[in-house]
Structures are given as C-alpha cells and as structure tokens.
Amino acid sequence: MNQDQLKQMVGEAARDEVLKLPAGQVLGVGTGSTANYFIDALAPHCDHFAGTVSSSNATTERLLKHGFKVLDPNDVTSLPAYVDGADEINSLGHMIKGGGGALTREKIIASMAKQFICICDSSKQVAVLGNFALPVEIIPLAKGEVMRQLEKLGGVVSLRLAKDTRADLGQTPSQAFVTDNGGWILDVAGLKITDPVRTESLINQIAGVITVGLFAKEKANVLLVSNAAGVERITF
Ligand code: 5RP
C-alpha cells in the first residue's frame, strides 16, 4: 500500500467514527491531504451534521463543493469533535502541525472542540517530536527578532517560501508563503522536543508569534492510525 492509500483508509475510518456522533451537531474539519480524504469519504453523509467549521480557505472550498454547510466559528458554541491530520505525533498525543500552513485556525478550532481526532498513517508516529521542522506563524514585521529568539532554542530557522517560486527558471526564491491570516511561517529544523508543553509555552511567549505548530495543550484525544494491517484506534 502506498501512503495515499493509507491516508484514504484512515479518512474512511474517521468517517465511521464521526457518524457515531448524534445527528444535528457541528463538526470541526482540518486541512491537508489526509483531511481531504476524510472530507471526500464523509460527503455522502453531509446531512448528518448541522454544519462544519473549517480550518482553512482550502478546506472551506472543498466542504462547500461537497454540499456541507460551513459556519463562522463565532456562531458556534458547541463542537463535539475536530478531525485533522498531523505532521508528527508522539505516544502522548502531542503533535507537530502546520505543514500545510493552517496551524492558527487549526489550533483555534482544536481549542473549541471537545475531542481532537487525529488521523494519519503510521509514518507520522515518532518517539520524540522535531524531526519534522516545527512551523511557527508570525507577524511579518517581527521576522528578524523571532528568528533570533528561535535560534536560541537550538533550531535552524528558515522562512517558508511560496510554493510557486521556480528557482529552476531563474526566479528569486524570495517570496514568502502567506497564510490565510496574512502571516508568514518560520520553519524550525533540528529541534528535539522532549518537553512539548514547555516548548509550546516558551515559543508562544515570543513577541510577534501568532501560533506555534506544537499541539501539546490542544493534543489529540483519539488517534486513528493506518498501516498495512489496517486502522488502529488509540486514546490518550
Ligand atoms: C496542515 C496540517 C496537516 O494536518 C499536516 O500538515 C498533515 O498533512 P497531510 O495530511 O497532508 O500529511 O497541519 O496545516
């Protein structure tokens, strides 16, 4: 099985998981290729939910295309579950997220939700977080100072660039990737995050940081993880 098939399999398992929720509630929906498989699998059942709250413009577009109602989070007071992927997850349910750049809205919706259902293939399971460069969304004018502060934590920091920059065509790869919120993203490589709660709190306190892609406070409550043998369900 290739990774896409594993993502599809776990997306379908998540569909079965959320259809056990009572009908007529609102569902939080994440961003990324695994979340996309989940959305596609759930589409025939969109009437089971009163609506959804979405973690990115890309997810909103996909949900609307499939006939889901997308609500403003400000109009939602109860969210039983949020389903989303992860870039890495440890044995306690702490995650690195933000590979797709949607970390801020993802964290807001995760904080609203009663349970975070993380969906991924087993390549995302790690003993120690940090092999995947940690995304940090920032206010653009704070880039220099936030970079210096992050370097003090021992990481190698780089500004995420827009995907359409073509170095092979002689274009200068200088254009920053811009998030749905108008922020920029610094990717911090080379960290060994042995205390995710502390690291999340430290980075949150740097002036100019909008959101760090460490989800330790808003960790997963349920993990659906796929491998060649099937989908395992783990609770934290
Ligand atoms: C987006 C995310 C994604 O959940 C994460 O990057 C995993 O993506 P994929 O399912 O495509 O592997 O945090 O900001």
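None of these values were measured; they are calculated from a predicted model. Start at 1 and go down the list; that is how both ligands and their atoms are numbered.
Between G98 and ligand 1, at least one pair of N/O atoms sits closer than 3.5 Å. Backbone and side-chain nitrogen or oxygen atoms of G100 are examined, and one is located within less than 3.5 angstrom of a nitrogen or oxygen of ligand 1.
The nearest protein atom to atom 2 (C) of ligand 1, hydrogens excluded, is given as E106 OE2, 3.4 Å; this is a heavy-atom distance. The protein heavy atom nearest to atom 10 (O) of ligand 1 is T34 OG1, 2.5 Å. Protein heavy atom nearest atom 9 (P) of ligand 1, with residue, atom name and distance: S33 OG, 3.3 Å. The protein heavy-atom contact nearest to atom 12 (O) of ligand 1 is K124 NZ, 2.7 Å.
The pair D187-R160 meets the salt-bridge criterion, with a side-chain N (NZ, NE, NH1 or NH2) lying under 4.0 Å from an Asp/Glu carboxylate O.
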For this session: Would you please test T211 and K107 for side chain to side chain donor-acceptor pair (under 3.5 Å) and show each step?
Result: CA-CA 8 Å; T211 303; K107 203 174 264 194; over 6 Å; no
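Formation of a donor-acceptor pair under 3.5 Å by the D84 side chain with backbone atoms of A35 is not found in this model.
Residue contacts with ligand 1 leave out G30, since none of its heavy atoms falls under 4.0 Å from the ligand.
Between E137 and the choices V212, V209, L186, L103, the side chain to side chain contact (heavy atoms under 4.5 Å, CB included) rule is met once, by L103.
Around the CG atom of N131, the shell of radius 6.0 Å holds no more than 12 heavy atoms that belong to other residues, nucleotides or ligands.
Contacts of A86 with ligand 1, taken as heavy-atom pairs under 4.0 Å, involve the backbone alone.
Looking only at atom types and distance, the side chain of S54 has no donor-acceptor partner in the side chain of T59 under 3.5 Å away.
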